[in-house]
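Throughout, protein chains are lettered first and strands after them, A, B, ... in sequence-line order, and every chain is numbered starting at 1. These numbers come from a predicted model, not from an experiment.
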Amino acid sequence: MKELKVDPIKNGTVIDHIPAGRVQRVLAILKPRATDVVMMGMNFSSKAMKKKDIIKIEGRELTQNEVNSIALIAPAAKVSIIRDFKVAQKSRVEIPKRIEGLVACPNPKCITNAEPMMTIFNLEDCSTRDLACQYCERVFTADEMTHI
Amino acid sequence: MKHLISMRDLSADKTLQLLKLAERLEKDPSQIDLSRRVMAAMFYEASTRTRMSFESAMKRLGGEVIGMVGTSGTSVEKGETLADTAKIMARYSDIIVMRHPMEGAARYVSEQVDIPVVNAGDGANQHPTQSLLDLYTILKSQGTLKGLKLALVGDLKYGRTVHSLAYALAPFKPTFYFVSPKSLRMPAHILSDLTQKGVSFKEKTTIENIIPEIDIMYVTRIQRERFPDREEYEKVKNAYIITAKLLTKAKDNMKVLHPLPRVNEITTDVDSTKYAYYFDQAENGVYMRQAILATLLGEAK
Ligand SMILES: [Zn+2]
């Protein structure tokens, strides 16, 4: 088991299959608390992805909402909830139908970039991962988005 | 319908209701009374024509108008947020008509206030009252919206008006000729949307040969500010100049439309031909805006 390269955790969350090089961005979105014990693994070899990153968070179970917030930058991530060293629950991340306050609108003429307000994007197409800004109505691919 | 922000929100049914009401109001404006109702015009950039058209619409139905044009001397200049300005305007009035250079501004304001909001243009995004008045103008001049042949001429790349019109007409099975210089072609994503909707179109770089076929010629201005390069602008600025002579082979029912102001793209000798319809188009804007104001204020019967 390649995952054993990082110490197993007793209780918490493992996020596997993060594209290599994006582990820090994933952590920036998840905003671990000061008390969370976090292990990062980078550039592990992977059959599906060649190279991948892994995060383990000891003592904290991420909710599906928290998990989904990383879907834009780690669409293939697999999330395992660990209880007493065993996988209690497995899930994949899913881009939410509506994304609020998480990413900035890439359109510089968009009102969201001028007023103190929250961005809202609606998922147009699950397969292409196209997102439409609720305000300027422009459509962007997930890869164009930057997290706030 | 609480607000009018984007043509995307408007069902075909609602569009037809607005067209019918505009027609009724043109015949007899006295059937709707907006007296003691106040329209607030929040114009963050000057657009004299649009603002006056709204004012005329409101006043001819007995209503009152307050407002601002530009931000100098207002609380906006002191750093007030758009949301705060809008909330105050909502306390002073019954409906907000808003123009703003940033895209999505009207949608945002509509989420902040309890009164109806009309988008009178948000940057390059939407200008739904223009789209509706164009539909009304086409319907009125041709007696139908179905199966028409239309040439859209000029700046098709940046022209919000023509993009919006292409979408608004799509359900009515039109045939489009998109006439523009190569550098100002209709954007690819719009062409692919239209193909998906089963709309037939051809792209052209000259207008002469299609004039005998079309019912509507919609001309737009090629704007200097769209070109970072002066030389590029000089090359295309006079690409399509519509003259009376050019129209001699047009069908009897053919009408020339233009959102105005024109510069030189339609010569004045066209004005006295039966094809000129752009001044009627401007007048139609008042009837359509009356229909919109009355509907949003809950007075449409
Ligand atoms: Zn936007």
Practice problem: Counting only heavy atoms closer than 4.5 Å, note whether B/A106 contacts chain A via side chain, backbone, both or neither. | Solution: neither
Self-check item: Within 6.0 Å of CG in B/D114, more than 12 heavy atoms from elsewhere
Solution: no
Self-check item: Part of A/E137 lying under 4.5 Å from any heavy atom of chain B
Solution: both
Exercise. First locate atom OH of B/Y108, then atom CE of A/M118, and finally report the distance between them rounded to the nearest 0.5 Å.
Key: 10.5 Å
Exercise. First locate atom CE of B/M102, then atom CG of A/N107, and finally report the distance between them rounded to the nearest 0.5 Å.
Key: 7.5 Å
Practice problem: Answer yes or no: does atom CD of B/E45 have more than 12 heavy-atom neighbours from other residues, nucleotides or ligands under 6.0 Å? | Solution: yes
Quiz item: Around B/K157, counting heavy atoms of other residues, nucleotides and ligands shown, do more than 12 lie under 6.0 Å from its NZ?
Solution: no
Exercise. Answer yes or no: does atom CZ of B/R185 have more than 12 heavy-atom neighbours from other residues, nucleotides or ligands under 6.0 Å?
Key: no
Quiz item: For the atom pair CZ (A/R138) and NE2 (B/H189), what is the distance rounded to the nearest 0.5 Å?
Solution: 8.5 Å
Exercise. Tell me, yes or no, whether the heavy-atom count around B/M1 atom CE, taken from other residues, nucleotides or ligands under 6.0 Å, exceeds 12.
Key: yes
Quiz item: Which region of B/H100, side chain (C-beta onward) or backbone (N, CA, C, O), has a non-hydrogen atom less than 4.5 Å from a non-hydrogen atom of chain A, or is it both or neither?
Solution: side chain
Quiz item: Looking at CD1 of A/I111 and CG of B/N125, how far apart are the two atoms once the value is rounded to the nearest 0.5 Å?
Solution: 11.5 Å
Quiz item: Out of curiosity, B/R107 CZ to A/C133 SG, how far, rounded to the nearest 0.5 Å?
Solution: 9.5 Å
Practice problem: Would you sort out whether A/M117 and B/Q112 count as a side-chain contact (heavy atoms from CB on, under 4.5 Å), showing the intermediate values? | Solution: CA-CA 11 Å; A/M117 60 186 285; B/Q112 300 295 317; over 6 Å; no
Quiz prompt | Nearest non-hydrogen partners of A/E115 and B/A83, listed with the distance | solution = OE1-N, 4.2 Å
Exercise. Would you indicate whether B/K2, at its atom NZ, is surrounded by more than 12 heavy atoms from other residues, nucleotides or ligands within a distance under 6.0 Å?
Key: yes
